[in-house]
Amino acid sequence: MIQKFIKVGLYCARLGNFHGAFFIFGGLNLTPVHRLKDDWEALPNKSKVMFEKLRELSGSTANYGNYRRELKMFVGKPQIPHLAVTLKDLTALHDGIPTWNTDMEWKCRRCQFLNESVIPICQVCHTRPEGDGLLKEQKLNFQLSFTNNYT
């Protein structure tokens, strides 16, 4: 079962659903799940490598640098960004950079940060899927794999 959740987490990230990928990784990191030592040891090496990829994507190192690199690859494509990172950026924009300062350098930094943080979010809101043919194919593949695994 752990192996299935790892696959689903990476599949979410591949589709641009970073919010879902982060939450699946968070669920896999819960203490009760980590106590399942026999299940974790029974995982094939391929699944362990996939879990490490999910860990790297979800890691907060370098201000979520790996996540931000992946997110940039989805500009103009449908995506669901991770809400916590987005809210952190907006809070930093609102609280971290003073608006009362008349120094032009601060105003430029604020505009630059706004451009890097908020505009990609707005682009996500206006992005439409490329076509429902791809979605139908994915749905069919999911149904086939679901049927094969549980019948």
Side-chain angles (χ1 to χ4, degrees), residues 1-97 109-151:
M1 190 58 115
I2 293 173
Q3 185 177 4
K4 293 273 185 200
F5 276 105
I6 292 170
K7 286 181 181 179
V8 169
L10 279 179
Y11 192 68
C12 285
R14 195 175 321 136
L15 289 176
N17 182 356
F18 297 106
H19 193 69
F22 270 68
F23 271 91
I24 288 172
F25 176 73
L28 289 170
N29 270 335
L30 290 174
T31 304
V33 178
H34 262 292
R35 287 185 189 149
L36 303 171
K37 296 207 184 285
D38 293 339
D39 293 334
W40 282 101
E41 289 174 4
L43 279 178
N45 286 336
K46 184 179 178 182
S47 293
K48 291 177 183 178
V49 169
M50 291 168 62
F51 182 71
E52 284 306 313
K53 287 181 184 178
L54 199 57
R55 180 190 310 270
E56 288 173 9
L57 174 70
S58 305
S60 61
T61 343
N63 196 17
Y64 295 94
N66 293 331
Y67 160 70
R68 292 178 193 279
R69 273 189 292 282
E70 287 288 323
L71 191 63
K72 284 182 182 178
M73 292 173 34
F74 280 88
V75 171
K77 298 176 185 174
Q79 58 178 292
I80 303 172
H82 184 48
L83 183 63
V85 177
T86 304
L87 290 175
K88 182 184 81 64
D89 290 346
L90 293 176
T91 302
L93 178 65
H94 185 263
D95 294 341
I97 302 175
R109 283 187 189 174
R110 187 178 182 89
C111 288
Q112 180 183 8
F113 192 71
L114 178 69
N115 187 38
E116 292 173 357
S117 301
V118 177
I119 294 191
I121 297 167
C122 295
Q123 289 174 345
V124 169
C125 296
H126 298 292
T127 304
R128 297 274 185 234
E130 295 170 358
D132 62 339
L134 178 65
L135 296 176
K136 286 179 185 175
E137 181 182 325
Q138 291 171 347
K139 184 177 177 183
L140 179 64
N141 288 339
F142 175 75
Q143 288 173 346
L144 290 174
S145 66
F146 185 79
T147 306
N148 291 339
N149 290 334
Y150 296 103
T151 55

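A quick note: this is a predicted structure, and the numbers were derived from the prediction, not measured. One is the number of the first residue; the rest follow in order along the sequence.
- Rounding to the nearest 0.5 Å places CE of Met50 at 7.0 Å from CD1 of Ile6.
- Residues passing the side chain to side chain donor-acceptor pair (under 3.5 Å) test with Lys53, sequence neighbours excluded: none.
- Take Pro44 and apply the side chain to side chain contact (heavy atoms under 4.5 Å, CB included) test, not counting sequence neighbours, and it matches Gln3, Ser47.
- Phe5 is linked by a ring pair (Phe, Tyr, Trp, His ring centres under 6.0 Å) to nothing, counting only residues two or more places apart in sequence or in another chain.
- Applying the side chain to side chain donor-acceptor pair (under 3.5 Å) rule to pairs touching residues 31-44 yields Asn29-His34, sequence neighbours excluded.
- In this structure, Asn66 and Thr61 have side chains that are not in contact, with every pair of non-hydrogen atoms separated by 4.5 Å or more.
- Remark: side-chain polar atoms of Arg68 are paired, donor with acceptor, to backbone N or O of Asn63 under 3.5 angstrom.
- Scanning all heavy atoms of the two residues, the minimum distance from Pro81 to Thr86 falls at CB-OG1, 4.1 Å.
- The 12-atom threshold is exceeded at NZ of Lys88, counting heavy atoms of other residues, nucleotides or ligands nearer than 6.0 Å.
- In this structure Ser58 satisfies the side chain to side chain donor-acceptor pair (under 3.5 Å) test with no other residue, sequence neighbours excluded.
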Residues 14-26 side chain polar contacts: donor-acceptor under 3.5 Å, at least two apart:
unit_1, atom_1, unit_2, atom_2, d
Asn17, OD1, Gly20, N, 2.9
His19, ND1, His82, ND1, 3.4
His19, ND1, Leu83, N, 3.2

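- For Lys48, the side chain to side chain contact (heavy atoms under 4.5 Å, CB included) criterion is met by Leu43, Asn45, not counting sequence neighbours.
- Counting only residues at least two apart or on different chains, the salt bridge (charged side-chain N to carboxylate O under 4.0 Å, His left out) pairs with a member in residues 54-65 are Glu52-Arg55.
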